[in-house]
Amino acid sequence: MAKKIGVTMEVGNDGVAVITITNPPVNSLASPIIAGLKEKFQDANQRNDVKAIVLTGNNGRFSGGFDINVFQQVHKTGDLSLMPEVSVELVCNLMEDSRKPVVAAVEGLALGGGLELAMACHARVAAPKAQLGLPELTLGVIPGFGGTQRLPRLVGLAKATDMILLSKSILSEEGHKLGLVDALVPPGDLLSASRKWALDIADGRKPFLRSLHRTDKIGSLSEARAILKNSRQLAKKIAPNMPQHHACIEVIEEGIVHGGYSGVLKEAEVFKQLVLSDTAKGLVHVFFAQRATSKVPNVTDVGLKPRPIKKVAIIGGGLMGSGIATALLLSNIRVLLKEINTEYLMKGIKSVEANIKGLVSRGKLTQDKAGKALSLLKGVLDYTEFKDVDMVIEAVIENIQLKQSIFKELEKVCSPHCILASNTSTIDLDVIGEKTNSKDRIVGAHFFSPAHLMTLLEIVRSKNTSAQVILDLMAVGKAIKKVPVVVGNCIGFAVNRTFFPYAQAAHMLTNLGVDLFRIDSVITSFGLPLGPFQLGDLAGHGIGLAVGPIYAKVYGDRMFNSPLTELLLKSGRNGKINGRGFYIYEKGSKPKPDPQVLSIVEESRKLTNIMPGGKPRSVSDKEIVEMILFPVVNEACRVLDEGVVIRAADLDIASVLGMSFPSYRGGIVFWADMVGPKYIYERLKRLSETYGGFFKPSRYLEERAMKGMLLSESQSSRSRM
Ligand SMILES: C[C@H](O)CC(=O)SCCNC(=O)CCNC(=O)[C@H](O)C(C)(C)COP(=O)(O)OP(=O)(O)OC[C@H]1O[C@@H](n2cnc3c(N)ncnc32)[C@H](O)[C@@H]1OP(=O)(O)O
Ligand SMILES: NC(=O)c1ccc[n+]([C@@H]2O[C@H](COP(=O)([O-])OP(=O)(O)OC[C@H]3O[C@@H](n4cnc5c(N)ncnc54)[C@H](O)[C@@H]3O)[C@@H](O)[C@H]2O)c1
């Protein structure tokens, strides 16, 4: 059934016209809504029986802002004329400059263009807990309906720049204290209070305030310049590779120096330039890609309902088990934590406590909530209490026989409906469940470390996992504030498999004579938070060495055998875990490159002997990025080809949330499509002619390059799900 969308106007006997936006689920400002608003405001302004106007949104939500689908259409077509004229025509002329007072009745949320419409009204009445903010910068643009000008005039410049640059929303309670909200009333009184406020303005009992004309909260020019100087420093720190933060500050400054209307005009001009930027393309893609992950064919579209998961048992209280337990407890799920002996159990419980205390000390959790979460944790040493758990998550060491025996045991001790999940990072789920008759309820719940902070949850589905079990785990994932991405079963699953060439390529480059610290610095300038060597230190080189053979067994034709990890471990450098890897780690200070590691690198270079003519290879920064990330793209192509992910966008989200690939580049596949499959293919082909199979272009990449297709277009039918 098509959803009912539109703008309605009802004029009451009191002479108040109530204009209501209806566009479920968030009342986004799609083109027909904007056209409807223009028509109704024109009508209300002209009608003699209308004294005042109230603007509101249907179904408890004011508006989630401009329709982001339009950005996507503009990106696809390059046609800017798809963007309706709103800022001057509707917001300034028809609303703010209307001779009849307009009051916004805000409930639920007023975000982006939604808040901008509310700020153009002459007063705002809100229900409690309404979310107010201008998150446009997260989409690569700036507020475009006058928000850069009106928010500073309503809440002050320092607070406004903070809210806009950090895309931080506030609740209506705070908005009330700041002056953004004029009155806070219970939801049931919202419309009557707003009508009354509008009539009070019309009859001169309350002031007729036009936000854009206000100057009382801006301060002097020198004060404003000092705030904007700080904002520029903040922008440099938080968004070094993005244009919208600096552009937004310029636009705000224009309004401060030359007046609000001049600021509105500049805002519209800059907004249009930014809509077409690569950053906006990447971020808008990520917005929709993240939401698409909750649509899983044959799971979320077949009428199944998730079963309630109230009690979960975790086996293994090490690094991952304690992190997963923390995440569950914080969402009010009871946890049984099982370990092998009292010493390890106490260690596991202490880790959970430390995770929770860490959140309290960083102000992310109240003491009360911390106490409540910890009261839901129980440590055990056997399976006696497993009979009534809804789900088990196994997180013991990476050992096939151990995991197989645990799952065999679980089948006996748990109820037949209990979900049996494993947090394995490399072992085939079919192998883990081999000795059981419960293959339909065995599933991978691959969390990323630290599990209570990283948002990605790879849900690994074997050929036998039932749709109900996938749906249940997706629901748990969402309940504990993760982004679940359903992937197929293969060594490394989607993220680790796609990125296994990342460290390998870095090792190859180093063995070719390129300075390893330069490689890390080039990759961080590209936008990843850690370069491959620092990431290796963080994960631990012991793990690197242990998983190497597992990957070699299946992907051996495209591995670069570097002796560097082994040499590093031999010299007692395990990584961050023991304070020494490629970098030195000291408490309270940033990791420092360790020059002593260079002699180990020399030893490795002698063993591999791949430097052309024995001399270090000279490479540009661009070549470093390409030699490290193009092999990753190549593996992403194989992941797409084998149907390990449902859609290419899932791999984008997985790379952004699991590997911190820069979201403003849209994820690994989106970025590759922007660079161009043909270019990547040709570069890899040339590299493989010089350096061999590691760079050999995959069949999928070659096919798409030859046909001029994007990598994200039509996937293979060889689905693993
Ligand atoms: C000119 C202006 O200055 C420019 C702008 O206004 S740009 C837009 C600014 N607004 C935003 O960035 C808000 C974006 N939306 C959100 O943050 C969240 O969706 C929300 C907080 C509003 C609601 O969250 P939640 O209840 O969890 O629902 P969520 O799953 O995110 O969204 C529900 C649906 O609404 C869609 N939606 C949300 N906001 C939308 C928007 N502004 N435009 C189009 N669709 C939107 C989502 O895509 C999703 O669609 P789907 O069901 O088909 O996947
Ligand atoms: N470390 C990571 O970054 C990471 C990321 C994702 C997934 N994983 C996977 O998570 C799993 C656990 O990894 P980890 O890093 O937490 O390991 P870890 O060594 O820190 O913890 C494993 C814990 O399991 C306990 N254990 C072993 N046998 C047990 C049994 N029979 N019953 C109860 N407890 C038992 C051990 O005492 C130990 O405390 C592995 O499968 C690993 O591949 C690890």
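Counting starts at 1 for both ligands and their atoms, following the listed order.
Under the side-chain hydrogen bond (donor to acceptor under 3.5 Å, both in side chains) criterion, the residue pairs touching residues 271-284 are Glu85-Lys272, with sequence neighbours excluded.
By the 6.0 Å contact criterion, CD1 on Ile577 is open, its count of non-hydrogen atoms from other residues, nucleotides or ligands being 12 or less.
For ligand 1, the 4.0 Å heavy-atom shell takes in Pro25, Val26, Ser28, Arg61, Gly64, Gly65, Phe66, Asp67, Ile68, Asn69, Phe71, Leu109, Leu111, Gly112, Gly113, Glu116, Pro135, Glu136, Leu139, Pro143, Gly144, Phe145, Phe271, Phe287, Phe288, Arg291, Lys295, ordered by chain and residue number.
Between the side chains of Asn58 and Asn27, not a single donor N or O lies within less than 3.5 Å of an accepting N or O. Judged purely by distance below 3.5 Å, without hydrogens or angles, the side chains of His285 and Asp652 pair a donor atom with an acceptor atom.
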Are there any protein N or O atoms under 3.5 Å from the N or O atoms of ligand 2? List them with distances, or say none.
{"from": "ligand 2", "atom 1": "8 (N)", "to": "Ser425", "atom 2": "OG", "distance (Å)": "3.3"}
{"from": "ligand 2", "atom 1": "10 (O)", "to": "Asn423", "atom 2": "ND2", "distance (Å)": "2.9"}
{"from": "ligand 2", "atom 1": "16 (O)", "to": "Leu319", "atom 2": "N", "distance (Å)": "3.4"}
{"from": "ligand 2", "atom 1": "16 (O)", "to": "Met320", "atom 2": "N", "distance (Å)": "2.8"}
{"from": "ligand 2", "atom 1": "20 (O)", "to": "Leu319", "atom 2": "N", "distance (Å)": "3.0"}
{"from": "ligand 2", "atom 1": "32 (N)", "to": "Lys338", "atom 2": "NZ", "distance (Å)": "3.2"}
{"from": "ligand 2", "atom 1": "37 (O)", "to": "Glu339", "atom 2": "OE1", "distance (Å)": "2.8"}
{"from": "ligand 2", "atom 1": "37 (O)", "to": "Glu339", "atom 2": "OE2", "distance (Å)": "3.3"}
{"from": "ligand 2", "atom 1": "39 (O)", "to": "Glu339", "atom 2": "OE2", "distance (Å)": "2.5"}
{"from": "ligand 2", "atom 1": "41 (O)", "to": "Val396", "atom 2": "O", "distance (Å)": "3.2"}
{"from": "ligand 2", "atom 1": "41 (O)", "to": "Glu398", "atom 2": "OE1", "distance (Å)": "2.5"}
{"from": "ligand 2", "atom 1": "41 (O)", "to": "Lys403", "atom 2": "NZ", "distance (Å)": "2.6"}
{"from": "ligand 2", "atom 1": "43 (O)", "to": "Glu398", "atom 2": "OE1", "distance (Å)": "2.9"}
{"from": "ligand 2", "atom 1": "43 (O)", "to": "Glu398", "atom 2": "OE2", "distance (Å)": "3.4"}
{"from": "ligand 2", "atom 1": "43 (O)", "to": "Ser425", "atom 2": "OG", "distance (Å)": "2.6"}

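Note that NZ of Lys412 is 10.0 Å distant from CG of Leu410, once rounded to the nearest 0.5 Å.
The cationic group of Arg497 does not satisfy the cation-pi geometry with Phe493, failing either the under 6.0 Å distance to the six-membered ring centre or the 45° limit from the ring axis. With a 6.0 Å cutoff to the six-membered ring centre and a 45° limit on the axis angle, Lys338 counts as a cation-pi contact of Tyr383.
Ring-plane geometry between Tyr551 and Tyr555 is classed as tilted, the angle between the planes lying from 30 to 60 degrees on a 0 to 90 degree scale.
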Show me the side-chain donor-acceptor pairs of residues 136-145 shorter than 3.5 Å, one per line, residues at least two apart or across chains.
{"from": "Thr138", "atom 1": "OG1", "to": "Pro135", "atom 2": "O", "distance (Å)": "2.5"}

